[in-house]
2 protein chains.
Amino acid sequence: MKPRGRGGAADPESTRSALLEAGTHVFAERGFKGATADLIARRARANKAMINYHFGSKKGLYQAILTATFSEMAARFRGIRATDRPAPEQLRQFVALFAEFAQAHPSFPVMFIREVLSGGEHMRREEFVTLLTVFTQVRDAVEQGMREGTLRKLNPLLTHFSLMGALCFFFIVEPFRRRAFREAGLDVPAPEAADFVAHMQELVTRGLAADAPARRKS
Amino acid sequence: MKPRGRGGAADPESTRSALLEAGTHVFAERGFKGATADLIARRARANKAMINYHFGSKKGLYQAILTATFSEMAARFRGIRATDRPAPEQLRQFVALFAEFAQAHPSFPVMFIREVLSGGEHMRREEFVTLLTVFTQVRDAVEQGMREGTLRKLNPLLTHFSLMGALCFFFIVEPFRRRAFREAGLDVPAPEAADFVAHMQELVTRGLAADAPARRKS
DNA sequence: GTCTATAGGCTGATAGAC
DNA sequence: GTCTATCAGCCTATAGAC
């Protein structure tokens with residue numbers, strides 16, 4: 001095993017995984033178009049031609065990354081849904097899980113939002129199907145909560161969008177936030193992910209709960 | 001006045017405004033890099049060279065658009081803050097205003113999120129300062145609410161991020177949502193902006209309100 | 001002010017040696 | 001499997017006619 005610097009690979013098979021790691025980083029940072037094959041290859045200590053050899057094309061590499069990331073995310077959401085806790089607790093866990101995943105894979109929210117902006121331009125049916133699993137877990141939890149009487153009447157899609165939107169935004173905004181405050185001369189401490197998770201969990205708990213039943217009536 | 005098709009211009013001065021309109025559309029749709037000067041010029045029924053003549057460069061046109069959009073947005077937020085309603089009511093109005101603005105200017109949330117992703121790559125201090133006005137209005141309302149006792153203890157920045165993130169996401173996700181559901185064979189009705197506004201207002205009202213004071217204690 | 005033509009730079013994919 | 005060299009395409013910005 002010939003050691004290399006960050007992300008590099010020498011032995012035959014691991015050129016492939018080095019390209020996956022490098023691609024993840026560069027695609028997230030610069031978008032599909034902005035990420036040049038040369039940049040990805042150099043970061044993987046490999047060569048432009050290797051991308052086409054291993055993945056067919058730049059787009060092929062991109063899709064391989066999306067599939068791997070989305071699959072892992074979806075599997076974890078299913079894991080939470082499988083515990084049969086009350087719905088509000090499951091929603092709080094979705095929030096915590098998303099944050100944990102986004103911290104372990106910082107490129108996930110970035111690549112996801114980039115795809116959203118392009119209308120899923122570089123995605124195949126396969127990636128859409130995997131991704132929708134995440135929504136269906138949230139939808140099912142919300143519907144469970146409405147049946148249980150633990151959640152008020154909610155639109156599952158709108159509930160999902162408000163959680164997903166807020167969470168993604170938090171995890172993509174930090175570089176922008178830092179620069180915006182610096183340029184405008186405003187000094188606000190960098191927000192901690194843990195604090196945001198607590199904020200969102202509190203918002204979910206209070207904001208989505210069923211109304212307390214009217215005391216001694218009916 | 002020679003009439004032209006959508007967005008076109010003939011008379012001397014309005015080539016400029018036709019380029020602004022066309023640029024807004026094309027930049028939102030394809031991003032800064034993806035929007036070619038030729039595409040913008042054709043939509044404005046003008047010529048590539050006109051972009052450089054009127055705005056110095058493609059980036060100059062882009063910044064002119066950002067400045068105009070952000071300024072209008074910021075001015076409206078200040079307008080709400082100027083009414084001295086209770087904080088929760090102001091937050092509900094921020095939500096409604098954002099939605100109204102996003103519907104009138106569909107490219108605003110898209111261009112904003114694109115800039116967020118790039119870390120503000122194409123923005124000057126001027127645009128950052130204008131944009132931060134929006135945050136400071138929300139921050140001030142939250143602080144007012146905590147003083148008034150109408151809002152619970154909140155971090156203004158996290159509150160702002162959760163609102164902004166959810167709202168932006170809703171207004172950028174529709175094309176992606178449509179395609180995702182179609183490809184995955186899932187049939188969910190297209191969400192209405194008005195319903196989402198109601199959802200977010202309810203979430204804010206219930207989720208951020210101060211706890212009811214303990215009855216007859218102290 | 002507006003246009004055409006083009007210079008100059010960059011990029012994805014491939015051919016072909018090893 | 002990996003690399004170098006190269007081709008063909010696309011893009012911004014500008015020069016210069018009108």
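All chains are named by letter (A, B, ...) in the order of the sequence lines, taking the proteins before the strands, and each is independently numbered beginning at 1.
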[X] has an atom [atom1]; how far is it from atom [atom2] of [N], in whole Å?
X: Phe55(A); N: dT14(C); atom1: CZ; atom2: P; value: 16 Å
X: Phe32(B); N: dC11(D); atom1: CZ; atom2: C1'; value: 12 Å
X: Tyr62(A); N: dA13(C); atom1: OH; atom2: C1'; value: 20 Å
X: Leu19(B); N: dG1(C); atom1: CG; atom2: C1'; value: 12 Å
X: Arg30(B); N: dC10(D); atom1: CZ; atom2: C1'; value: 13 Å
X: Phe27(B); N: dC11(D); atom1: CZ; atom2: C1'; value: 13 Å
X: Arg45(A); N: dT2(D); atom1: CZ; atom2: C1'; value: 17 Å
X: Arg42(A); N: dT4(D); atom1: CZ; atom2: C1'; value: 14 Å

### Task
Would you mind classifying the nucleic acid contact of Ala41(A) as base, sugar-phosphate or nothing, using non-hydrogen atoms under 4.0 angstrom?
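Here Ala41(A) touches no strand at all.
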### Presence of Thr15(B) side-chain N/O under 4.0 Å of dT2(C) phosphate oxygens OP1/OP2
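Checking dT2(C) against Thr15(B), a side-chain N or O does come within under 4.0 Å of OP1 or OP2.
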Report the nucleotide, chosen from [options], that has the shortest atom-to-atom distance to any side-chain atom of [X].
X: Tyr53(B); options: dC3(C), dT2(D), dG1(C); value: dG1(C)
X: Met50(A); options: dT2(C), dC3(D), dT12(D); value: dC3(D)
X: His54(B); options: dT12(D), dT2(D), dT2(C); value: dT2(C)

Can you name the residues that form a salt bridge (charged side-chain N to carboxylate O under 4.0 Å, His left out) with [X], not counting sequence neighbours?
X: Glu174(B); value: Arg177(B), Arg178(B)
X: Arg139(B); value: none
X: Arg182(B); value: none

### Task
Please tell me if the side chains of Phe27(B) and Arg114(B) come closer than 4.5 Å, counting only heavy atoms from C-beta onward.
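When only atoms from C-beta onward are counted, Arg114(B) and Phe27(B) do not touch, as no gap falls below 4.5 Å.
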### Message
Could you walk me through whether His105(A) and Thr69(A) satisfy the side-chain hydrogen bond (donor to acceptor under 3.5 Å, both in side chains) test, starting with their C-alpha distance in whole Å, then the side-chain angles of each, then the deciding distance to 0.1 Å, before giving a yes or no?
### Response
CA-CA 8 Å; His105(A) 307 271; Thr69(A) 313; over 6 Å; no
### Message
Tell me every residue that passes side-chain contact (heavy atoms from CB on, under 4.5 Å) with Arg78(A), counting only those two or more places apart in sequence or in another chain.
### Response
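Partners of Arg78(A) under the side-chain contact (heavy atoms from CB on, under 4.5 Å) test: Ala74(A), Ala75(A), Thr133(A), Gln137(A).
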### Message
Within the 4.0 Å limit for protein heavy atoms, which parts of nucleotides 13-18 of chain D are touched? Write it as a string from 5' to 3', B for base, S for sugar-phosphate only, - for none.
### Response
BB----
### Query
What pairs meet the side-chain hydrogen bond (donor to acceptor under 3.5 Å, both in side chains) rule with one or both residues in residues 89-98 of chain B, with sequence neighbours excluded?
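Of all non-adjacent pairs touching residues 89-98 of chain B, those that pass side-chain hydrogen bond (donor to acceptor under 3.5 Å, both in side chains) are Arg81(B)-Gln90(B), Arg85(B)-Glu89(B), Glu89(B)-Arg92(B), Glu89(B)-Gln93(B), Arg92(B)-Thr205(B).
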